Amino acid sequence: MTAPVHPARNALAARLRAAGSVFAEDEADLLLEAGDGDPVRLRTLVQRRLAGEPLEVVLGWAAFDGHRVRVAAGVFVPRTRTTVVVEQAARRLQRYDRVVDLCCGVGAISVALLGRVGALDLVAADVDPDAADVAAENIGDRGIVVTGDLFAPLPDRFRGAVDVVAVNAPYVPTAEIALMPVEAREHERTVALDGGPDGLDLHRRIAAGAGEWLRPGGAVVIEVSAEQAATSAAAFAAAGFAVEVVHDDAVDGTCVVAVRPS
């Protein structure tokens, strides 16, 4: 038997659609759920959404790999395409392996890997302290979260012992940030988006530094656009890694997998 439709749902969906929402009915359902029967709360949420705030920020969470992960204003909202990193990282991991979630944002990759693999010796790191605070909430006592530039804040015990470095580093070319959807360019900090002139500044830095942290046979799994993949892969190959590019049509996600030689 089909569940009854909330009487306000169609009207709310129409307002959202008029404001440009592509998935107006789905958004209406989520906003009604978040309103929890409180008309004042619902009105506030709807007004925020109609004013252009990302739906995930309005709700306070984003869906990622079957989980609801907390998000907050200004931090990077995880995208479904990043599950290509989760998939490729998870297949290289066993319980209690050592994992680094680099440029972790809200810790979505960490949460997904813990869900898929089980207990891990996990460290998540981000240069943005606000993102790290949210990641710490999402990860809880299942890992540790550190703040700093790339590998700099990692514990020394991870040096030469990491099984997988999973990364969604910024890879948008600086000049293309202005072309991004308004929800990203106006509501996410530039530090979470800007990858330098060709988008791959951080990829090159990670390629140069990862070998010191990986065990022999360990891997970096790093998200990239399909157009940038060959250049990113070349940077890792030049640093001595065995590389492959993986694309997942189902989520339109691409990553480079770079393995440290045994």
Side-chain angles (χ1 to χ4, degrees), residues 20-27 29-30 54-71 75-93 99-118 120 122 124 126 131 134-135 138-139 163-173 176-177 179-185 187-188 192-195 199-200 202-203 206 219-233 236 243-259:
S21 172
V22 177
F23 303 104
E25 287 77 13
D26 293 340
E27 289 198 14
D29 289 338
L30 290 168
L55 177 66
E56 294 86 355
V57 175
V58 173
L59 297 175
W61 59 267
F64 186 79
D65 201 45
H67 304 271
R68 287 187 174 186
V69 294
R70 197 176 93 72
V71 300
V75 301
F76 184 82
V77 174
R79 276 67 154 168
T80 299
R81 61 175 173 265
T82 304
T83 55
V84 68
V85 173
V86 175
E87 176 70 31
Q88 292 301 314
R91 67 175 52 186
R92 290 167 171 81
L93 290 170
V99 181
V100 174
D101 180 0
L102 202 62
C103 305
C104 69
V106 301
I109 289 175
S110 293
V111 171
L113 288 176
L114 289 162
R116 289 195 185 206
V117 181
L120 293 164
L122 182 144
D126 202 281
V134 180
N138 284 320
I139 296 168
D163 295 283
V164 171
V165 177
V167 195
N168 182 15
Y171 59 85
V172 180
E176 294 183 17
I177 292 175
L179 307 177
M180 294 185 72
V182 65
E183 290 183 358
R185 70 175 187 266
H187 293 276
E188 295 175 339
L193 304 172
D194 192 347
L200 297 178
L202 286 167
H203 282 232
I206 292 165
V220 175
V221 183
I222 185 167
E223 183 177 328
V224 70
S225 73
E227 296 76 18
Q228 297 164 308
T231 304
S232 176
F236 282 93
V243 301
E244 66 172 317
V245 174
V246 177
H247 182 77
D248 184 341
D249 289 331
V251 298
D252 193 27
T254 303
C255 66
V256 171
V257 180
V259 179

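Bear in mind that the values here come from a model prediction, so they are computed numbers and not experimental data.
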So, for [X] and [Y], which heavy atoms are closest and what is the spacing to 0.1 Å?
X	Y	result
Ala166	Val85	CB-CG1, 4.0 Å
Pro78	Val69	CG-CG2, 3.9 Å
Val245	Ala233	CG2-CB, 4.1 Å
Ser232	Val256	OG-CG2, 3.8 Å
Asp101	Ser110	OD2-OG, 2.7 Å

Only counting residues at least two apart or in another chain, list the ones meeting side-chain contact (heavy atoms from CB on, under 4.5 Å) with [X].
X	result
Val182	Arg185, Glu186
Pro54	Glu56, Val57, Glu183, His187
Asp163	Leu93, Asp97, Arg98, Arg215

side-chain hydrogen bond (donor to acceptor under 3.5 Å, both in side chains) partners for [X], two or more places apart:
X	answer
Thr254	His247
Glu188	Arg79
Arg92	Gln88, Glu244
Asp126	none

What residues form a salt bridge (charged side-chain N to carboxylate O under 4.0 Å, His left out) with [X], not counting sequence neighbours?
X	result
Glu25	Arg17
Asp248	none
Glu87	Arg91, Arg116

Could you state the interatomic distance from [atom1] ([X]) to [atom2] ([Y]), rounded to the nearest 0.5 Å?
X	Y	atom1	atom2	value
Trp61	Leu55	CH2	CG	7.5 Å
Cys104	Ile139	SG	CD1	6.0 Å
Leu200	Ser225	CG	OG	7.5 Å
Asn138	Phe64	CG	CZ	11.5 Å
Asp65	Thr83	CG	OG1	6.0 Å
Leu193	Ile177	CG	CD1	5.5 Å

Derivation and outcome, side chain to side chain contact (heavy atoms under 4.5 Å, CB included), residues Val134 and Val71: CA-CA 7 Å; Val134 180; Val71 300; 5.6 Å; no

Counterpart residues, ring pair (Phe, Tyr, Trp, His ring centres under 6.0 Å), relative to Tyr171 (two or more places apart): none

Under 3.5 Å donor-acceptor, His203 side chain and Glu223 backbone: yes

Pairs involving residues 103-113, ordered by first then second residue, that meet salt bridge (charged side-chain N to carboxylate O under 4.0 Å, His left out) (sequence neighbours left out): none

Sole candidate of Ile222, Val220, Val84, Val86 that passes side-chain contact (heavy atoms from CB on, under 4.5 Å) when paired with Cys255: Val84

